[in-house]
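Here is the structure we will look at, set down as structure tokens.
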Amino acid sequence: MATPHELRIAPLADFKPIAESRAWVSIPNPNGVPLIATATSEKTVRVYSLKNFTLHSKMEGGHNRSVRAVAWKPVTKRTGTLTVASGSFDSTMAIWRRKEEGGFAAEVADQEIHLENGNGGEEDLEVEITIDGQKKAAPRLITSAKDEDEDEDNDDWAFEIVLEGHDSEVKDVAYSPSGQWLASCSRDKSIWIWEEIGDEGDDDFETIAVLQEHTADVKCVVWRKDDGNGEVLASGSYDDTIRLWKGDDEGEWSCISVLEGHEGTVWKLEWEPEVSMNKWCPEREKDDHSPRIPRLLSASADCTVRVWSKVPSPPPPNKPSYFNSGIPSTMRPPPANETWECTATLPTVHDLPIYAVSWSQKSGRVVTTGGDSKIAIYEERTKGRTSVGGVIEMEWVILAVLEGGHGPYEINHITWCQRYDPGKKTADEEMIVSTGDDGVVKAWSIEEIIGAANGTAALAVTGATNGTEGVVEASS
Amino acid sequence: MLDNANPTILSVSELPTRRQRRQRKEQPKKGGIRDMFYGKPEWEMDPYYTLDYSDVDSDDSAIEPIDEQEIYDLIAPISDPEHPLSLESLGVVKLQDVHLISPPNLTNPAALSRVLVELTPTVSHCSLATVIGLGVRVRLEQALPPSFRVEVKIKKDTHGQAEEVNKQLADKERVAAALENKSLMGILRKMMQPCMESLESE
């Protein structure tokens, strides 16, 4: 069936200079600092500027094997310090810090700092955690030898601390939106949850939990924003399952749901952003103040991208449905087993493992990539009601497919990213950033094709591109 | 202890090959695309290990596409990790188990070719099936152009843990991590040695 695509994925820029070997993943700073961090098999993290697509700085010397994953610590206080966690095939995680005197930090200080944690502030951080030291493996902490030169040199990333504990390759690392937790996962089948204790810069980390219920490599971890019931962690595994994890009031973490259905490794997970939740929840009862549960997207080696939704649990007897809202944390019920079901599968584009999926916080659109080097953009739309007063049915449509994004090389990661370069057309324009086996990190602009619905593919914006390779498929 | 102390050995001279013809055309090439792909692997740093990356001349491939025979010739001399014998003489790799799907349009640089190699382990409980499969995958990924997507599987009904082995061999992250493992690289290096020797004897 010939469906004209509505968007064009146009090459915008390659970040220069490129890594000399495979790049795994590129993560934009979540707090509006125009930087993106790339984990490479060169054993380094490269930080590129989003203003001019050039190398800004490097994190070197912390790992002796490939750096597989990288995560920015969300800024909750204006400290002027950037913090990054990196995870490596050398089975360790490293914490890096960099002072930004008068640099990016000053710019950020001028803006309202965007907290991923929308519930506003430090009260949320005062969750009491009881640590049962006997039950949990003690973390081994090694503080790096900092010589005086390093302290004086503000231009470099300081290698602050190594977090050891995993038995084999670390596959992913993730800070919770509040910045309170740091999760790491590994081929050793475990997920570790760490908490930074003391003041920023004390470099004191405590192991809060070691979760070992996956039966094979844990490939990815991703946190869900606190909706009033605590932050939830989702993990995807080589055992083809997805698990959801939550801590109770005593600080005990446990698996609250197992999502089964994929027929291959689950490579990447992404929680639904607020923009999408707001778009599709117009039908809520006016007195229904219970927290909305975001959906979860999963990308797999079985070449599918699936949408998972929580099956609503009936409200407890004699209590209104909103009984969860506004009740102090000490009265919260313990985490219960939740039931999740696959409620949609995105239209098929990929014919090799899908390594990455990103759900835009601005547009609600989804982008995927994988071993077939394709980049695809999807959007969820209403199909309308099938019966009077019935549920509005939704469908996912393909907006664009680009083949050979990195020439013949596999693409390992893709993400939506705010544009900061002078060429942007609107203040909040978004682009896509892809990361490949060729070591290249590429920026792509998104252009609307006017008249796509009529089959006349005229470009709305021709946009200045510096013509690199990339076979663009405007319609199929 | 050997998994299979008395394997059936085929006579290499009777096996199909076009190795001689292709190798004559090969020119040493440094800093090629595969260097970019893999960076500088540890065994390349080793002065005693002269791995020649120019197994397939990319200029030729535009005119004369790579076929199953050529792919077979790349992996046939790989030596078994526990016998001083090649995978072809042990019957682990067979020409009829090399499958290639080429894109319809070879001029499109982004069009992908798909290679599937099915291995027949010497015994159905061969504990080294994963290592052999890894050797075959690594050999092909290094020797073939980057537009080739290589899949290595255990042939149906020839191994007890075929599914587990197949899944590991298909996992790019596990393969990448394995290549950073020194002891495993030592084994792979030994397995690849005959591939290099057959070049040197030219």
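Labels below follow one simple rule: chain letters A, B, ... track the order of the sequence lines, proteins then strands, and each chain is numbered from 1.
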Checklist entry - Of all heavy-atom pairs between B/A177 and A/E169, which one has the smallest distance, and what is that distance? => result CB-OE1, 3.2 Å
Checklist entry - Any side-chain donor paired with an acceptor under 3.5 Å for B/R174 and A/T265? => result no
Checklist entry - Taking everything shown except B/E163 itself, do over 12 heavy atoms lie less than 6.0 Å from its CD? => result no
Checklist outcome for this item: Separation between CH2 (A/W267) and CG (B/D171), nearest 0.5 Å, reads 4.0 Å
Item to check | Audit row: B/R149, A/D372, side chain to side chain contact (heavy atoms under 4.5 Å, CB included) steps and yes/no | outcome: CA-CA 9 Å; B/R149 295 288 184 272; A/D372 60 7; over 6 Å; no
Checklist outcome for this item: Whatever's closer than 4.5 Å to a heavy atom in chain B on A/Y355 counts as side chain
Next on the checklist: So for B/Q168, is it side chain, backbone, both, or neither that comes closer than 4.5 Å to the heavy atoms of chain A?
Outcome noted: both
Checklist entry - Do B/E180 and A/K43 pass the side chain to side chain contact (heavy atoms under 4.5 Å, CB included) test, and can you show the C-alpha distance, the side-chain angles, and the key distance before you say yes or no? => result CA-CA 11 Å; B/E180 296 186 25; A/K43 306 166 189 171; 5.5 Å; no
Checklist outcome for this item: Tested for salt bridge (Lys or Arg N to Asp or Glu O under 4.0 Å) against B/E173, the lone hit among A/R187, A/R68, A/K268 is A/R68
Next on the checklist: Return the NZ to CG distance between B/K167 and A/D217, rounded to the nearest 0.5 Å.
Outcome noted: 9.0 Å
Next on the checklist: Using a 6.0 Å cut-off, check whether atom NZ of B/K94 has over 12 heavy atoms from anything other than its own residue.
Outcome noted: yes
Checklist entry - Hey, what do you get for CG (B/N181) to OG (A/S168), rounding to the nearest 0.5 Å? => result 11.0 Å
Checklist entry - CD of A/E263: more than 12 outside heavy atoms within 6.0 angstrom? => result no
Checklist entry - Can you say whether B/A176 sits under 4.5 Å from chain A via the side chain, the backbone, both, or neither, judging by heavy atoms? => result both
